[in-house]
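Right, one structure below, let's go through it.
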Amino acid sequence: MSTRTVTVASTVGLHARPAATFTRAAAGAGVPVTIAVAGKDPVNAASMLSVMTLGVEHGQEVTLAAEGEGADEALDALVELLATDLG
Amino acid sequence: MITLQGRGVSPGVACAPLVRLGAPVVTSAADPVGADPEHERVRVGEALAAVAADLSARAEEADGEIADILTTTAAMALDPSLLAGAGEHVARGVPTGHAVTLAIEGFCTQLDALGGYMAERVTDLRDVGHRAAAHLAGVPMPGVPAPGHPVVLAARDLAPADTAGLGPDVVALVTEQGGPTSHTAILARSRGLPAVVGCAGIADLAEGTMVLVDGSSGEVRPDPPAECRTAARVLEPEADTPGATADGHRVALLANIGTVDDARAAAATPTEGVGLFRTEFLFLDRRTRPDVAEQTRTYADVLRAFGDRRVVVRTLDAGSDKPVPFLPLGDEENPALGVRGLRTAGRFPDVLDDQLAALAAAAAAAGREVDVMAPMVATAEEAERFADRARAHGLSRVGVMIEVPAAALRAREVMEVVDFVSIGTNDLGQYTMAADRTAGELGDLLDPWQPALLDLVALVGDAGRLRGRPVGVCGEAAADPLLAAVLVGLGVGSLSMAPVSRAAVHARLARHTVADCAHLADLARASRTAAEARRGVEAST
């Protein structure tokens, strides 16, 4: 199991549109990825609605996790996405 | 059939058959269950994919921000967890359509609990559920009907997203809920559609019933006599002279606008200018902040459209009911009493400075003056800070809105530091009566004829005379012709309204002298209730 923790740079947090952008990328990662915030269970990172229910705000830390071949590369790419302002 | 009574919020009369805003398909645990759960799960997937495809197609036809919202809603329909959740319900023997509803409601509950922006997405998500349920049931998708002939559109309430699809067939709006400052009311006035809100009885009328809607009196008459059936929309002819009382006292009748398109449409009317340019329409639903250059272009377009006519620009009025995605204000227990209007400038000073810089640049580019005012000002000190900042940007005509009772009570002090004030009667009413503007059942307290509200307007009018500062009104009260005469009697010198309301106000003011207006104002203020005030003034004209 690989994990990464990253601070969300999107100025509006993971609102609907940034969540859609992120989950599209997660769905195309090739491995199942989960996303979690402190105090809540991890959810499927490819599910926009699940990501929205985390209520992630700007500057909040999230933890991504994935297992299997290509997991590290996939997580690095997603971390990079979350570290940029998705608008 | 008995005439229904609602609250008239946008003037005009229209007669057409009633249609309903696509009543959503209601699913139930008692619906028949499909024979093969696996097959039913496939059908759920197909239905959600069809919903997404339909929303994406609509996005193609829509403009920028609306297209964005529709695209994002389409993405919700394709969510794998939604499909999986519905599939689990199906596997447990829940009827197929109801399984989708349960899965949707599961997410709605969680989003609702987050409050604010996320809670507002519940409407979008439920819309996905309604569409999927309709697809599964093989009935038409809910939505705004476009039958190809004039119709009166009835709905429980209209969400801003519904309004994107309002076509030319809709000649009037009637809603069960909503108050005088609801989205429905504001949309209807901006489009010049007669509208009645808070009309509970409309729910009992059969679709196709011919109804006569009077957007002034609030009456909705089913099966009107034959002579009404041919009546098209009846609006008073536009008066092309400046607003004035019978004795020639000028009262500028200005327009409320929110976009460059509104500006062009209003500029083509005889209006004396703009009394309220709601700049938040440039910001709402924007994921990123429009930069100074973009704002400058927009403001300059609006200023040019009006030549040398007065244009009053209100700085960003974000907050409670108007969240701006790039201003993370967070959740508040009482957003109407929280960080909103000018108060947001404390946390995001750059946003205000950008806006003031853009306004100054736009005025220079258009080669004319611009008036700028701040919303939600409570004290003279706040007014002074705003005025100093605006003047530092080279803006010479600076005012504030009077929406907070404290600002009305201390209007004299406020007017020492600004050039003009504009009374926002909607918010001043809500704060004076401690009644939420969005609560339909509190409509009576929010009635702009409330004597307490008129007392505050009178205080501001007196302060204006004392300090020699112009006092305007840019709330919905300005659009009520009879109340407009009362406001003039209270010392108000300009009235700003949706352009469609101007003709009726113009005609009414032309019938009264300033002394008449002062008498009407005394009558209204001597009343005990809003209804008594209106009746008393009506009876004496």
Side-chain angles (χ1 to χ4, degrees), chain A residues 7-62 64-68 74 78 81-87, chain B residues 48 52 55-56 59 65 67-86 103-126 128-129 283 285-289 323-331 348 350-351:
Chain A
T7 301
V8 171
S10 166
T11 47
V12 295
L14 291 180
H15 269 191
R17 193 166 86 158
T21 306
F22 169 72
T23 52
R24 215 165 26 239
V31 288
V33 181
T34 63
I35 177 170
V37 296
K40 290 191 185 176
D41 291 333
V43 300
N44 180 359
S47 163
M48 171 180 167
L49 292 170
S50 303
V51 171
M52 284 170 69
T53 60
L54 295 177
V56 178
E57 291 176 9
H58 170 73
Q60 199 175 344
E61 277 193 349
V62 299
L64 304 180
E67 212 163 358
L78 291 173
L81 192 63
L82 288 178
T84 55
D85 186 359
L86 298 171
Chain B
L48 290 169
L55 290 170
S56 299
E65 294 305 316
D68 224 32
I69 293 165
L70 292 172
T71 303
T72 306
T73 311
M76 289 181 184
L78 293 177
D79 193 295
S81 295
L82 178 59
L83 179 59
I104 293 268
E105 288 303 318
F107 282 110
C108 288
T109 306
Q110 294 182 62
L111 292 175
D112 232 359
L114 292 171
Y117 169 91
M118 290 300 185
E120 287 176 17
R121 303 282 73 72
V122 165
T123 312
D124 308 352
L125 183 54
R126 286 219 169 98
V128 168
F283 296 86
D285 286 327
R286 286 289 292 254
R287 270 55 176 191
T288 53
R289 200 165 117 192
V324 171
F326 56 85
L327 291 189
L329 293 165
D331 292 335
F348 307 100
D350 300 356
V351 176

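So that the names make sense, note that chain A is the first sequence line, chain B the second, and so on, each numbered from 1.
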| query | Is chain B contacted by the side chain of H58(A), its backbone, both, or neither, given a heavy-atom distance below 4.5 Å? | reply | neither
| remark: The reported gap from CE in M48(A) to CG in L125(B) (rounded to nearest 0.5 angstrom) is 9.0 Å
| said: Using the side chain to side chain contact (heavy atoms under 4.5 Å, CB included) definition, which of the options L49(A), L54(A), T53(A) pairs with Q110(B)? | reply: T53(A)
| query | Taking every heavy-atom pair that is under 4.5 Å apart, which of L114(B), L83(B), L327(B) has the most such pairs with chain A? | reply | L114(B)
| Heavy-atom pair with the smallest gap, counting every atom of T72(B) and R17(A) | CG2-N, 4.1 Å
| said: Return the OG1 to CG distance between T23(A) and L78(B), rounded to the nearest 0.5 Å. | reply: 10.0 Å
| query | Considering residues, nucleotides and ligands other than Q60(A), do more than 12 of their heavy atoms fall under 6.0 Å from its CD? | reply | yes
| task | Could you tell me which non-hydrogen atom of S50(A) sits nearest to which non-hydrogen atom of S81(B), and how far apart they are? | result | OG-OG, 3.3 Å
| query | Which atom names give the shortest non-hydrogen contact between T11(A) and P328(B), and what distance separates them? | reply | O-CG, 3.8 Å
